[in-house]
Protein chains: 2
Amino acid sequence: MAILLTQSEENYIKAVYALQQHHQASVGTNELAERMDTKASSVTDMIKRLSEKSLIQYEKYKGCELTEEGIRTALKTIRKHRLWETFLVEKLKFGWDEVHDIAEQLEHIQSVKLTDQLDAFLNYPKFDPHGDPIPDQTGAIVQRDQSFLLNELEIGAEGVVIGVADSSASFLRFLDRYKINIGTCIQIKEIYAFDDSRAIEIHGETVNLSAAATQKITVQKQQ
Amino acid sequence: MAILLTQSEENYIKAVYALQQHHQASVGTNELAERMDTKASSVTDMIKRLSEKSLIQYEKYKGCELTEEGIRTALKTIRKHRLWETFLVEKLKFGWDEVHDIAEQLEHIQSVKLTDQLDAFLNYPKFDPHGDPIPDQTGAIVQRDQSFLLNELEIGAEGVVIGVADSSASFLRFLDRYKINIGTCIQIKEIYAFDDSRAIEIHGETVNLSAAATQKITVQKQQ
DNA sequence: TTTTATTTTTAGACAAGACTAAACAATAAC
DNA sequence: GTTATTGTTTAGTCTTGTCTAAAAATAAAA
Ligand SMILES: [Mn+2]
Ligand SMILES: [Mn+2]
Ligand SMILES: [Mn+2]
Ligand SMILES: [Mn+2]
């Protein structure tokens, strides 16, 4: 049942999954090429291969979508990626801005037992260091209560950071400088109409965040 | 300075290292092919590539040897392999017979920081689960006091197991059944001339080990 | 020292995964 | 409803790593 995939194939599957989650529709060749940092012609080749293995449903000129099997495969890789990221931060003292590239390598290690033992060792974490949900052995991911972007909160509202919409090292280090992390409590004190920036209170201090920043911070409303 | 190698290249380097450690001489194409489970012609191709990168010294029909740089490279990979094996046994509760194949994958993960943090997390272990020495950051490996194979001990002598000459899962599981592990203390009670087997005492019990088995257990003499 | 056997290398082919350049579909603009 | 633009696929080439079959070098035997 479990088909053997190359690292390249796994990466394509992950990319298709991410894109089709984003816009609820079939995925185009060019956007896949952009995401995979390759050329459209290479994508076409790979899509055909994965279609052969019935992980992707594909019709010429009509884009592609993952099959049920394809989705299961994507979730396995995502599970491994996020477990390793958690391991690196929790156990090996890495910063949350340093772990993605290493996890990109580790996610391809083939051993179900390894994945499950790692999961147990980490105490079955539900979220990775960036607040993204970790699929369990069956591929299930916890569905969260309604969340907001920080720029959707009104003045006076309080939120707890539960994720970031941008996991780039640059943005994560920016958040570090403001001591913003998963779990950090933030209150909106002021919204400046002229540039849509916000004065926010974190850990008792009040600072200003640009619109670009508040659009990338996911929170859950407090009480 | 640090050249980027493919997994395949790293595996060849490791194999050359192992073979040239064994018989103190240059390594032949056929034995390398056997070890890598491939064909001699493939080996010739790869040797040329690695020779280009000056990791191997090579002369047609004369076999090959690692350069200084090649040895450093081999030791880096071996370090990673043995650290991961230690991690799997110590932290993830794997048996010593289950870790080699997974470590064969993990040893290719590229991140010096990962390796060093893992080393620290494991408390800078000097030996892996099979008793093999783990090179440190500089590639140095601890040199041990004189060791013997179990079949070299005279009657009455006591030894502590410090390694195995065969790390196959089959042999390791055999040792498990007799509760023989790294650190186990063994005393020779009797040597049977007719088949060269031995009666040995472990943990108070006396059992019989074949010549094939005693040749594969490395010990240090006790007192 | 020839002959024979073994080891090693070359030549040629193949699959995976990528690329460029060119052809072909599907949309959008006029 | 043609024309232009964009998106997608094909055709042909390249590199890595492998293979088989055949040639060449070395080592062993006679
Ligand atoms: Mn990541
Ligand atoms: Mn993540
Ligand atoms: Mn091993
Ligand atoms: Mn080992």
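Please read all numbers here as calculations on a predicted model, not as lab measurements. Proteins come first, then strands; the chains are lettered A, B, ... in the order of their sequence lines, and each starts at number 1.
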Identify all side-chain donor-acceptor contacts of residues 13-20 of chain A below 3.5 Å with residues at least two apart in sequence or on another chain.
from: Lys14(A); atom 1: NZ; to: Glu104(A); atom 2: OE1; distance (Å): 3.3
from: Lys14(A); atom 1: NZ; to: Glu104(A); atom 2: OE2; distance (Å): 2.8
from: Lys14(A); atom 1: NZ; to: Glu107(A); atom 2: OE1; distance (Å): 3.0
from: Lys14(A); atom 1: NZ; to: Glu107(A); atom 2: OE2; distance (Å): 2.9
from: Gln20(A); atom 1: OE1; to: Leu66(A); atom 2: N; distance (Å): 3.1

Atom pair CD (Glu69(B)) and CD1 (Ile71(B)), whose distance is rounded to the nearest 0.5 Å: 10.5 Å

Whether Phe174(B) and Phe171(B) hold their rings parallel, tilted or perpendicular, with breakpoints at 30° and 60°: parallel

Lys60(A) NZ to dA23(C) C1', straight-line distance once rounded to whole Å: 12 Å

Separation of dT8(C) P from Asp45(B) CG (nearest whole Å): 15 Å

Asp166(B): partners by salt bridge (charged side-chain N to carboxylate O under 4.0 Å, His left out), with sequence neighbours left out: Lys216(B)

Contact list for residues 130-141 of chain B, test side chain to side chain donor-acceptor pair (under 3.5 Å), sequence neighbours left out: Glu85(B)-His130(B), Asp136(B)-Thr138(B)

Any Tyr61(B) side-chain N or O less than 4.0 Å from OP1/OP2 of dT10(C): no

Sugar-phosphate only, base, or nothing, as touched by Ser8(B) at under 4.0 Å among non-hydrogen atoms: sugar-phosphate

Those residues of residues 12-43 of chain B lying under 4.0 Å from DNA chain C by at least one heavy atom: Gly28(B), Thr29(B), Asn30(B), Ala40(B), Ser41(B)

Length of the line joining Glu10(A):CD and dA16(C):P, which is rounded to integer Å: 17 Å

Residues which pass side chain to side chain contact (heavy atoms under 4.5 Å, CB included) with Gln24(A), listed by chain and number, not counting sequence neighbours: none

Glu52(A) CD to dA16(C) C1', straight-line distance once rounded to whole Å: 15 Å

Sequence-distant partners of Ser111(A), side-chain hydrogen bond (donor to acceptor under 3.5 Å, both in side chains), two or more places apart: none

Please list every donor-acceptor pair under 3.5 Å in which a side-chain atom of residues 25-45 of chain A meets a protein atom from a residue at least two apart or in another chain.
from: Ser26(A); atom 1: OG; to: Lys62(A); atom 2: O; distance (Å): 3.4
from: Glu31(A); atom 1: OE2; to: His23(A); atom 2: NE2; distance (Å): 3.3
from: Glu31(A); atom 1: OE2; to: Gly28(A); atom 2: N; distance (Å): 2.7
from: Thr44(A); atom 1: OG1; to: Ala40(A); atom 2: O; distance (Å): 3.1

Sugar-phosphate, base or nothing in reach of Lys48(B), heavy atoms under 4.0 Å: sugar-phosphate

Heavy-atom contact window of chain A on DNA chain D, given 5' to 3' at under 4.0 Å: dG7(D) to dT10(D)

Under 4.0 angstrom between Arg49(A) side-chain N/O and dG17(C) OP1 or OP2: yes

Spacing of Lys62(B) atom NZ relative to dT9(C) atom C1', expressed in whole Å: 15 Å

Partners meeting side chain to side chain contact (heavy atoms under 4.5 Å, CB included) with Ser54(B) (sequence neighbours left out): none

